[in-house]
Structures are given as C-alpha cells and as structure tokens.
Amino acid sequence: MEDFISLEHIVKVYPPSLLAVDNVSVGFRKGEIHSIVGENGAGKSTLMKLLYGLIPFDSGTVKMNGAPVRFHKPGDAIAMGIGMVHQEIELIPQYTVWENVVLGAEPVRGLGGTLDTTGAIELVRRKIDEFQFNLDPSAQVERISVAARQKVEILKLLYRNVSVLILDEPTAVLTPQEIPQLFAELKRLREAGTTILFISHRLDEVLELSDRITVMRKGKKIATVAASDTDKGALAQMMVGRQVIFTSKRTPHRRGDCVFEAKGLCVARRDGLKLLDDVSFSVHAGEIVGIAGVEGNGQFELVNSIMGLRTPSSGSIKVNGREICGLPILERRRLISFVPQDRARMGASLAASILDNAIMTHHRLEPSFSAWRGLVLDYRHARAFTDELVRRFSVQASSRQSLFRSLSGGNQQKLILGREFLLSTPFFLMDQPTRGLDVGSSEYVHGEILSMREADRAVLLISADLEELFLIADRILVMHRGQIVADLTTERTTIQEVGRYMLEGKRTA
Amino acid sequence: MNIVIGLITGMIAGATPILLAALGGTLTFYAGIFNIAMEGMMLMAAFAAVLGSFLFHSWVVGVLFAIAGAMILALIFIFFSVTLDTDEFVTGIALNLFAVGSTTYLLRQIFKVKGVFTSKLIDSIPNIHIPLIEEIPLLGPVVSGRNLIVYLAVIATIFCYYLVFKTRFGLRLRAAGYNPNSLDSSGVRTSQMRIYSLLLCAVFCGLAGAFLSLGYVTLFAENMTAGRGWISLAAIILVDGHPYGIALISLLFGFFDGLGLFLQNYGVSSQFTSMVPYIATLVALYVYARRNRERERSTL
C-alpha cells in the first residue's frame, strides 16, 4: 500500500548538541491508526511536532501523496488537512463547546462580523452527530469532563476538515473507564477514512488500538511493525533496548513493628458529606501497603490529612507512636517522606534549579546545610549533596544549576524520589509515583520502592494502576466512598476481586 | 426639586469620563492586558483636545486631536508591552507619569502658563437639546441638554456590549484574554487582538479626555484627570468588565463626585469632598471582596 505521508531522513538537533530526531524515515498510510511508541524523550512527540510545523527540522523531507511539502506553522498543516491534539488540552474553559470549535473560523452574518450563533451551533451539532461524539454543543467547557474536552479538541480539527489526526498521549489525562470510549471513537474515525497518528508509551493500549506501530528510542526509529505481528514484551524490549520484566520482583521480607497507624479518621465536607469515613489501618516497617480505588473516593483527602494540608474532623494518625494530627508540616516531614501526585506543583518548583529542588526540606531539617548559626546556606555542602543525589539516582541533567523544568518527566520524578528517599524518615507516602512515566522509569521507581522495603521503611502507596500494586505491594486496601472496604493480601487476591471492590464497595449480603 | 436635578446632571457629567475610559479599558481587560494607562491616555487627550480646539477654533478638531493624543500613548504601550513583551504594569506606570510630565511641560512651552490654561478661542463641545423631550417636566432637563459626548458614551456602552459578546471580533478578543494559546492554535494571532484592543481603548480614552477639557469645563489644568483613570480601572475590576455593569458603577462614582461638589456649597471643605469618590471606591472594593468570599464559601 502506498504511503500517504512519508517522512524521509528527518533530523532535528536542539542546540547545542541534543540530537532529538536522528535520521528518521517513516511512512503513514491513508486510513490507518499508526502508533508511535517510545520512552519519554525518545523523540516521538518531537517528530510529530516537526510534521505539524510547530518546530522546524534541520534536514529531511516530508512528502504528501509523493509531493514534498513544508509546513512553517501549524496553520499550513491544517490547511493541508493535518491536525494535532496536544497533551495539554488548550481550550477556553469559559466558552461553550461550539464557541471553542468555531473559534478562528467563525460563521458570521450581516455587517460588522456579527456571529451567526444558530448557524454555528447547527454546524457543530452536525459534526457531532456525524462522528457520534455525544456532546452538547451549548455546554460550557469548564463543566464537562476531561474526556469530553478531548473530544472537543478533536472536533475542532474535524470542523476544519482535517484528514490526518495526530494525538499526543491522549490517554494520559483519561480515567481507565474513559479510554475504551475514546478508542471506539478513533476506530470510527478510521472507518470514515481519517488517518490517526497516536503517540503513547502505554503498550497495552497501543496494541489494542493500532494497525501499525513505530518504535523510537533515543531519537532513532527502531522499527515499524504490524500490531498483529508483535506483543508487549517485544515492543518493550525495542523501546528500552533491553528486556523488561512485567512480573513481581518482590522477595519475601520480614514485617517489622507498626510504624504508621490511622484510627477512625474522618473528613467531612461543609454540607456534611463524609469524604473520609472512619478510616483505620496500619503500615509496618518493611511493608508496602497499596491503596487502590477509583479516583475521588477519598485518596486525596487521606493524603492531605496525613501531610497536614487538611484537618480531619476526627480520628488520629500516629507515626512511630507519635500523634501527628495538629503537628506543623515541617515536624511531620521529620517522620514522613512524601512523593505527591502532582510533581510539577507540589513535588517541586519548576522555576527553581535542580540544586534548589534537591535540597528542599533537607535544608530545614538538617543542621549540616546551614552555616553561620543557620543564617546562610552552606552551598558547598548543598552542592556535594546534590551531586550525590544526581549520581545515586541517575538523574540525567545537564548541570546542577539548570532549571527543574528542563528535566524530562522521568528525571523529575527520580530527583523527587531521591530527595525523599534520602530523608531519614520511617514512613514513606507515595501518591501515584509512576503516573505519566514510561516503562523504563516506572521500573526504576518500583525498584527504589522495593529497596525502601528492604531498608525496613514503611511504605504507603496510592495508585490507580492495579498492575503496579500487584507488582510491588504486600497488602492492598481498597477505598470506596471514603471507606476502606477491603484489606487484601496480594498473594491471596486477584485483579478482578480488587476491581469489584473498587466499583461496588462492600458487597451487600 | 432643582437640587435633585442638579445632583442627577452632576452625576451624569461625573460618570461620563469614567465610563468612557472604563469601556476602553475593558476591551484591553478582555484581551488579557493589564492596562492601567487609561489615566495617562485621558490626560494626554485632554491636553491635545484643548490644543486642537485652540489652534483651529473647532471642537471637532479638538476631539480628533484628543484621540490622536491618546493614540500616541497606545502606540508606545503596544511597542513595549506587545512587541517587546515588557511588563504591562511597569509600562503603564511609566506612561501615566510620562503623560503628567509631558502635558505640564507642553502647557508651559506652548501656552506659557503654569497650572491652568483657558482662552476664549477654545471651542467647547456643544450640548444637545432634544426638541420634544425637553418639554417633559423632570425628565426633560435630565435627558436633554447634555453634552454631545454624554450621548456618545451611552451609545458606546451598547456598542461595547455588542462588540464583546455578539461578534466574531468579540469572541476572539475574549479568547485572547481567557487562553491565548488556544486562540493562537486556532489560527488567530493573540498579539493582533491585543493591538486592536489598545487602539480602541485609545479612541475611548480620547473621547473621555476631550469631554474633560472641552465639555465638563473648557480649560486644561495640570493633572486634571485627577485619578479618574484609576477609578475606571476599579470599575472594570468590580464588574469583571461587563459594559453595563461598568455603566452602573460609573454612575455611582459620578454620583459621589457630584455629591462632593454639592457639599462644597454647604461649607464642607473641597479637599474633604474630593476624597468622597475614593472612599466610595474602597467601600465598593470591600463589598465586592465580601461578596466574592461568600460565593466561594458557598461553592465549597
């Protein structure tokens, strides 16, 4: 089959010397779903942005139907029928669905550019019906779900009559329940003749959705294979460059004394609804306790109560026998290492340097970081500490002084993890530590969590990824509507059982 | 009875420059520019209005000069904050100070006076008498006989509302403020929308300035805007930029402005009465903040 779009010998260098895309040639056929997989930083997003005209490439050719084309800005690409939906959804929350869709190509009537509101709504409604998108054109975007917003982004491109859709990790922002629906819609688009280029690092999804898959690693194309001819293990090996093990690496480990204990913990909303309802559990030294649950069932409130960001209405939390409710956050940090869900906002400061981020909390808790009786920071010590952290946790950074923002997601997480790991605390709280990370980085994080267990620290791991919990947790607690509805030993349960508790809560007799 | 009519006409006259400046400012507010240069634009316009009217003995030329004067500041603002991407607040402060300094300097250089310049040769903007309505008791003297710019301000309010909420331009303008990335990726350049909004703002501030020096009074005094540009900013923020809300708030300020003048007749010192509009601003801000906090609390 003839290639509809072909990229030939594309090279992109980010000055001074980062070779982001290294002589990549790949062809896309009309009406196929073609996935591009690779670890974070493998160059898959960059390659697509080059095609879309968002960033210029240094050499190579792009051909459409055999004729060379060059897009200098996304508008050029859209005019040729290529549209891209970015990872961050760029809609206007204050606007309705139809306003967002028509923005920039609005139907007008009469003099002075008066908006043809009814006409626009009708046009958008027709597009929605055509692709069975199940959206209300007059709904305000800030009131619709993330999945619906993504559909609006896609609709916006379809309204502009694109025939090639580039989707940059669209599932990263979706809940597990929303993903099959997106896939069904994408497959419908394919039936209608749209070519879909799908960037992802979630191999299960890619295998389920695609016709063909291109694997990238470190800027190079490794291979293009038909989805039916490959499997998860083979793809992972091509992505990472070595074998990846998807089975548990847990070794038996003796459980120590009780380190963390929550008793009768309640958090109520102003209107009386209980967000946490009588939550009691404990975590022992050398034990990893996982918390599973559909998002929004009290995990957020539990984490905030432990860290002191929210005051529970009743109950107690003890670490090493000491009551921490009411303690200031800095005091809690002497006892608790914490990897928050939102690395960019809570886990680090994007605008600060790697050094600043590495020593955060340490500089307040450990006297060795200060000189002149605490008046100034001892930068010599801080530098040595940062170098040690970067080395030990193999953070890929150009220098100590570069901004945290400049690190890739995986390296950001490694730095945060390393910083928290080096705090000498008995208890470790991790909230979705591998969200958004690729296979290789996730594997690394799992290894580090297991080594904390070896070091006899108590770990509480909150994760929406059940496979992750089964991989490393010793016990799995399930949260449902603010309650802990099940306390299961990993060896004696199944994903199906946990999933049932997540959806249905306590089984009613 | 005459007192009431006096208070109302005073209120309208006081509200007009604030309303016009705030309408201009709200266009930039929607476009996502933190524009505080209304004060400077208005002052520059007031001076240019007197200059044009004095030189050509025509209020029409005066108004055109006023718009041109405000436009000069707008172009400087565009050059710095849109083209060079400097901080909008700092740029605005600089322009406001520049307006005070340059108009004072030009007043002394061109008219060779300090403080206030007035002349028989300045042609002021006429008042409009509406034939039939004028006869109606109570309503007549309020609605008819106002300055031309007052009527323009009423039209401008409706125009702004329509422009912002009912046109393609308005949809793009608000998009520039809500999420510039989204607008850019829709194929419309955000910077272009911001430039348009600043130019329109200059037109409105030009009218406001012309009203001050050729309508409200017929003279130019150093720093004669006396903080009205800042009040207009407060009006925009209080009502989140809605043109009709701005009209209401402007009337409120106009009322306190008029009240201040009225109280002077009863022996209250003018220094004290000129504080009234600003005290009203603080009270309004307090009410606004309280209301917002309660709204937040109820949504939690």
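Reminder, nothing fancy here: chain letters follow the sequence lines and each chain counts from 1.
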Quiz prompt | Whether over 12 other heavy atoms sit under 6.0 Å from A/Arg70 CZ | solution = yes

Quiz prompt | Approximate separation, where rounding is to 0.5 Å, of A/Glu106 CD and B/Phe169 CZ | solution = 12.0 Å

Quiz item: How long is the span from the NZ atom in B/Lys166 to the CG atom in A/Leu115, to the nearest 0.5 Å?
Solution: 9.0 Å

Quiz item: How about A/Tyr95 and B/Ser182: does a side-chain donor come under 3.5 Å of a side-chain acceptor?
Solution: no

Quiz prompt | Between CG on residue A/Leu103 and CZ on residue B/Arg174, distance to nearest 0.5 Å | solution = 10.0 Å

Exercise. Give a yes or no on whether A/Arg481 atom CZ has more than 12 heavy-atom contacts from other residues, nucleotides or ligands under 6.0 Å away.
Key: no

Quiz item: Does a donor on one side chain sit under 3.5 Å from an acceptor on the other, for B/Ser186 and A/Lys156?
Solution: yes

Quiz prompt | Under 3.5 Å: donor-acceptor pair, side chain of B/Asn179, backbone of A/Leu91 | solution = yes

Quiz item: Hey, which of B/Leu171, B/Leu183, B/Asp184 has the most heavy atom pairs under 4.5 Å with chain A?
Solution: B/Leu171

Quiz item: So does B/Phe80 have more than 12 non-hydrogen atoms from other groups sitting under 6.0 Å from CZ?
Solution: no

Self-check item: Spacing of CD1 belonging to A/Ile78 relative to OG belonging to B/Ser185, to within rounding of 0.5 Å
Solution: 7.5 Å

Quiz item: When you look at OH of B/Tyr151, are more than 12 heavy atoms from neighbouring residues, nucleotides or ligands closer to it than 6.0 Å?
Solution: yes

Quiz prompt | B/Tyr178, OH: over 12 other non-hydrogen atoms inside 6.0 angstrom | solution = yes

Quiz item: Between B/Leu163 and chain A, which part of the residue has a heavy atom less than 4.5 Å away: side chain, backbone, both or neither?
Solution: neither

